Amino acid sequence: QVQLVESGGGLVQDGGSLRLSCTASGRIFSTNRMGWYRQAPGKQRELVAAITRVGTTNYADSVKGRFTITRDNAKNTVYLQMNDLTPEDTAVYYCAADRPHFGTTMRGDYWGQGTQVTVSS
């Protein structure tokens, strides 16, 4: 069992930056990919970024070049650095983790409670 706790959300101006953190506890060695999803009101949940245990990353086209996902395995923590934020980035951001599997995409076996990111115009 893995528990995920997010932090770092808040209100930021158009063009500003935020850094989200997610710390995992439990059987962390069973965790393979970790990532960040987001969901805005009236929109579907989407995968923003994902990272493997060894640091291979993937990003949604909408955030590529602006967001950076990293992880510190010693601290059991994954980060999402968000730069050049726009109102379209406003959403609840959720940390997720996968059990080891052979798929090449995130599937979200474990979830955090979410943290609100609001970008003012």
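This structure is a prediction, so every number in the text was calculated from the model and none was measured.
In this structure, the side chain of N32 does not engage the main chain of D98 through any donor-acceptor pair within 3.5 Å. Here the side chain of Q39 pairs no donor or acceptor atom with the backbone of Q44 at under 3.5 angstrom. A side-chain donor-acceptor contact under 3.5 Å links D72 to the backbone of A74.
Residues R33 and H101 are in side-chain contact: their nearest non-hydrogen atoms beyond the backbone lie under 4.5 Å apart. A heavy-atom distance below 4.5 Å is found between the side chains of L18 and L85. The shortest side-chain heavy-atom distance between T68 and L80 does not fall under the 4.5 Å cut-off.
Contact detail for D109 and R99: the closest heavy-atom pair is OD2-N, 2.7 Å. Contact between I51 and R71 at its shortest, heavy atoms only, is O-NH1, 3.4 Å. Nearest approach of M34 to I69, heavy atoms of both residues: O-CD1, 4.1 Å.
R45 contributes atom CZ, which lies 6.0 Å from atom OH of Y37 (distance to the nearest 0.5 angstrom). Atom CE of M106 sits about 11.0 Å away from atom CH2 of W36, to the nearest 0.5 Å. Once rounded to the nearest 0.5 Å, the distance linking CD of Q113 with CG of L4 reads 8.5 Å.
Listed by chain and residue number, A40 satisfy the side chain to side chain contact (heavy atoms under 4.5 Å, CB included) test with K43 (two or more places apart in sequence, or in another chain). In this structure F67 satisfies the ring pair (Phe, Tyr, Trp, His ring centres under 6.0 Å) test with no other residue, sequence neighbours excluded. With sequence neighbours excluded, no residue forms a side chain to side chain donor-acceptor pair (under 3.5 Å) with Y94. The side chain to side chain contact (heavy atoms under 4.5 Å, CB included) search around T90 returns Q116, T118, V119, not counting sequence neighbours.
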Practice prompt. Evaluate the criterion side chain to side chain contact (heavy atoms under 4.5 Å, CB included) for residue pair T70 and Q81; output intermediate values, then yes/no.
Written response: CA-CA 8 Å; T70 57; Q81 178 67 47; over 6 Å; no
Fill in: Trace of the side chain to side chain contact (heavy atoms under 4.5 Å, CB included) decision for N73 with R53
CA-CA 8 Å; N73 291 330; R53 188 169 57 252; 4.2 Å; yes
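L47 and V92 fall within a single hydrophobic cluster, where Ile, Leu, Val, Met, Phe, Trp and Tyr side chains are chained together by heavy-atom contacts under 4.5 Å. Put simply, W111 and Y79 are part of two different groups of oily side chains (I, L, V, M, F, W, Y) that touch within less than 4.5 Å, one to the next. Note on L20 and V2: same hydrophobic cluster, where clusters join Ile, Leu, Val, Met, Phe, Trp and Tyr whose side-chain heavy atoms are under 4.5 Å apart, directly or indirectly.
Note on residues 13-24: pairs passing side-chain hydrogen bond (donor to acceptor under 3.5 Å, both in side chains), not counting sequence neighbours, are S17-N83, T23-T77. Sorted by first and then second residue, the pairs that involve residues 43-121 and meet disulfide (SG to SG under 2.5 Å), not counting sequence neighbours, are C22-C95.
At least one test fails for R38 against the ring of Y93: distance under 6.0 Å to the centre or angle within 45° of the axis.
Salt-bridge check for R66 with D84: failed, with every basic side-chain N at 4.0 Å or more from each acidic carboxylate O.
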